[in-house]
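For the numbers below, each heavy atom of this structure counts, side chains included, while hydrogens, waters and symmetry mates do not.
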Amino acid sequence: MADLIKSASTQLRELITEALGKLVAEGTAPADLLPDFTVEIPADKSHGDFAANTAMVCARAFKLPPRKIAELIIEKIDLNGSVFDRAEIAGPGFMNFFLSRKWFADVAQNVLEEKDNFGRTDFGKGKRVLVEFVSANPTGPMHIGNARGGAIGDCLASVLDWAGYNAEREFYVNDAGNQIEKFGKSLDLRFMQLCSESGRAAMEKYTDNDQLFQYIYDLSGKGMAFEMPDDVYLGMDIIEHTKNYYDINGCELASAPEQERRNALVNYALPINIAGLERDLKKYRIVYDNWFRESTVHEKNETKTIVDKLLASGNAYEQDGAVWFKATDYGMDKDFVLRRSNGLYTYIVPDIAYHYDKLVTRGFDKAINVLGADHHGYVPRLKAALTALGVDASKLDVVLMQMVRLVRNGETVKLSKRSGKAITLVTLLDEIPIDAARFYFNLREANSQFEFDLDLAVEHSSQNPVFYVQYAHARICSLISNLASEGVGIPENADFTLLDNPREIELIRHIASLPHEIETAAKNYDPAKLTKYAVDLATLFHRFYDGCSVKNAETPELMNARILLSLIVKQVLRNVLTILKIDQPEKM
């Protein structure tokens, strides 16, 4: 799979190096090792397609002014047979290089040949990468942070796949530990409320479940009939689970010991929640390769194994009945507890075991976690423990994600209609299209905060970026359909060197940059580069379409070239939107 921009850059470096060699051979340049130079793409394309600072960095070695050095290099460069048409010197000695029309024609032809694979690279060399994202607490519904994390993580895995990695998606199910204890306590309290005299009376009065749930929820505050303590989950979903359990089993469980009740209720509700997470994420177009359960870490006694390893290596110590990790030996401010004096492990131990499993047991070359920004203090602890276990902690990378502010009518949206709690992933997808959600959550880098305008996300206008991009795709489909109705078919081939209008050149140049953008997005773990690429591509296509008539082109040969260029844009839009898992409508 060709990256014609990268190959052009490589060729230019070779041409400049060859010219320097000629200057050394004739004694004009010193025989000493010359400093490295940069070949880059100028922001202002009037300065050329590529620029090199060779003359600037060689001034001291040559003992000549940079511009004079540039003149010497340009004189020695042989562009015959290369992808470059000409070279110019600018300012004090910058060298600017212009690509030939054949190169632009080759780009267009390359897309036609590679089709659905255009943009793919071998940058990742098949290395195995595990992307863990969302991993929402299974004790309740997914929130807006999970919605953003889902879109970022899923698109990042796609980007890595296109960049040549073997990428897998994983959901870490926290089905053990404190949150499950809290879940069980919450379910038990709600169940016992329903089985109480006032609970039975409420169920007789409110035969509609929604009314019943709201009634119980409203009576959950301090001093109310169904008062709940501070250390439990208060969501409507807890009430719903217990009512459903009651409908199936009645109150027989009420007479059982408390722990037995809790276990029974958790065993009933937790699988429903996990299945709901999987269902809702599939609706969001996210399908995981693996659902890894925290409980398996405990069942295999891997928490004990990890702590024993750290003790045996001298990286942990016992004090007052607890086991502490020597975090200060790894640059941290203070040591932290691994196992409490009561014998219970702290939350980070199963996480250490889980990541040891990723990088050692399963042997992934890289583990990438997409986490909320509130985990910034957790990451150094995890990496320090992995290092102490002999694991290369650089194999773990973490994308820290900022929260999103939902806005409607210019005001922040805080509450959902039913529960008074935060809007969930499901309620969000009831309000806006999935395409809009996935596109919007990838509009900015993960570590940046931004406003998600709910009104704009459903607006059919050029102000809505996902609509704008999809409209470009639909516009091309409409163009081809209209031409077909007039008896104009799709040509088998065309002379792309005829495309010399600046709008055509800029469009093709942008098309050529897709492999580079995918590679950069993979390097930086930043799928937002592709939403920006798509918007820019749509903009350049609309500009081309409005300024370069396809149907009324000056010659049939030029019309054919423009028809195929339009189809090339359609193909590239399709490839980018496929990476983002966003639909490509043919009509809008």
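A ring pair (Phe, Tyr, Trp, His ring centres under 6.0 Å) check over residues 465-501, counting only residues at least two apart or in different chains, returns the pairs His460-Phe467, Tyr468-His542, Tyr471-His542. The ring pair (Phe, Tyr, Trp, His ring centres under 6.0 Å) contacts involving residues 499-535 comprise His510-Tyr533, where partners must be two or more places apart or lie in separate chains. Within the structure, side-chain hydrogen bond (donor to acceptor under 3.5 Å, both in side chains) contacts touching residues 548-559 (residues at least two apart or in different chains) are Glu486-Lys551. Counting only residues at least two apart or in different chains, salt bridge (Lys or Arg N to Asp or Glu O under 4.0 Å) contacts with residues 436-448 comprise Asp154-Arg438. Among pairs with a residue in residues 106-128, none fulfils ring pair (Phe, Tyr, Trp, His ring centres under 6.0 Å), at least two apart in sequence or across chains.
In this structure, a donor-acceptor pair under 3.5 Å is present between the side chains of His355 and Asn369. With no hydrogens or angles considered, no side-chain donor-acceptor pair links Thr38 and Glu40 at under 3.5 Å.
Panel note: side chain Asn560, backbone Pro491; no donor-acceptor pair is recorded below 3.5 Å. Although no hydrogens or angles enter the test, the distance criterion places a donor-acceptor pair under 3.5 Å between the side chain of Asn273 and the main chain of Pro138.
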Take Leu577 and Arg574, measure what side-chain contact (heavy atoms from CB on, under 4.5 Å) needs, and give me the verdict at the end. CA-CA 5 Å; Leu577 293 177; Arg574 176 179 171 178; over 6 Å; no
For Asn96 and Glu88, run side chain to side chain donor-acceptor pair (under 3.5 Å): C-alpha distance rounded to whole Å, both residues' side-chain angles, the deciding distance at 0.1 Å, then the answer. CA-CA 5 Å; Asn96 298 327; Glu88 295 178 353; 5.4 Å; no
Tell me, with the steps shown, if Val407 and Val413 meet side-chain contact (heavy atoms from CB on, under 4.5 Å). CA-CA 5 Å; Val407 177; Val413 179; 5.8 Å; no
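Salt-bridge annotation for Glu506 and Arg543: absent, with no side-chain N of the basic residue lying under 4.0 Å from a carboxylate O of the acidic one. Salt-bridge formation is detected for the pair Arg285/Asp583: a Lys NZ or Arg NE/NH1/NH2 atom is positioned less than 4.0 Å from an Asp or Glu carboxylate oxygen. A salt bridge links Arg475 with Asp546: the distance from a Lys NZ or Arg NE/NH1/NH2 to an Asp or Glu carboxylate oxygen falls below 4.0 Å. Between Arg101 and Asp500 there is no salt bridge, since no side-chain nitrogen of the basic residue lies less than 4.0 Å from a carboxylate oxygen of the acidic one. A salt bridge is absent between Arg362 and Glu168: the closest approach of a Lys/Arg side-chain nitrogen to an acidic carboxylate oxygen does not fall below 4.0 angstrom. Between Lys358 and Glu170, none of the side-chain N atoms (NZ, or NE/NH1/NH2) sits under 4.0 Å from a carboxylate O, so this pair counts as no salt bridge.
Surrounding NE2 of His376 are at most 12 heavy atoms belonging to other residues, nucleotides or ligands under 6.0 Å away. In the displayed structure, Lys581 atom NZ is contacted under 6.0 Å by more than 12 heavy atoms of other residues, nucleotides or ligands. Crowding of Lys115 atom NZ: a count of heavy atoms from other residues, nucleotides or ligands under 6.0 Å not exceeding 12.
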Please tabulate, for side-chain N and O atoms in residues 476-484, each donor-acceptor pair with protein atoms closer than 3.5 Å (sequence neighbours left out).
{"unit_1": "Asn482", "atom_1": "ND2", "unit_2": "Ser478", "atom_2": "O", "d": "3.3"}

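For the atom pair Leu537 CG and Leu514 CG, the distance stands at 8.5 Å (nearest 0.5 Å). Rounded to the nearest 0.5 Å, atoms CZ (Phe544) and CD (Glu504) are 5.5 Å apart. Atom-to-atom distance recorded for Asn110:CG and Leu4:CG is 5.0 Å, nearest 0.5 angstrom. Rounding to the nearest 0.5 Å gives a distance of 9.5 Å between CG of Asn146 and CG of Asn137.
Partner Glu14 forms a side-chain contact (heavy atoms from CB on, under 4.5 Å) with one of Thr17, Thr10, Leu12 and no other, that one being Thr10.
For the side chain to side chain donor-acceptor pair (under 3.5 Å) test, no residue two or more places apart in sequence or in another chain qualifies with Asp289. Residues satisfying the side chain to side chain donor-acceptor pair (under 3.5 Å) criterion with Ser82, sequence neighbours excluded, are absent altogether. Partners of Phe441 under the ring pair (Phe, Tyr, Trp, His ring centres under 6.0 Å) rule, at least two apart in sequence or in another chain, are Phe452. For Gln571, the side chain to side chain donor-acceptor pair (under 3.5 Å) test picks out Asp116, Asn575, with sequence neighbours left out. Remark: Leu429 pairs with Lys283, Tyr284, Leu425, Ile434, Ala437 by the side chain to side chain contact (heavy atoms under 4.5 Å, CB included) rule, at least two apart or across chains. With sequence neighbours left out, Asn464 forms a side chain to side chain donor-acceptor pair (under 3.5 Å) with Tyr440.
The shortest side-chain heavy-atom distance between Tyr354 and Thr361 does not fall under the 4.5 Å cut-off. In this structure the side chain of Val426 never reaches within 4.5 angstrom of the side chain of Met142, judged on heavy atoms.
For Val488 against Ile563, the heavy-atom pair with the smallest separation is CG1-CD1, 3.9 Å. Shortest non-hydrogen contact noted between Val83 and Ala8 is CG2-CB, 3.9 Å.
Under the 6.0 Å distance and 45° angle rule, Arg13 counts as a cation-pi partner of Phe37. Geometrically, Arg128 engages Phe364 in a cation-pi contact defined by less than 6.0 Å to the ring centre and at most 45° from the axis.
The aromatic rings of Phe50 and Phe84 stand perpendicular to each other, their planes meeting at an angle above 60°, with 30° marking the opposite boundary.
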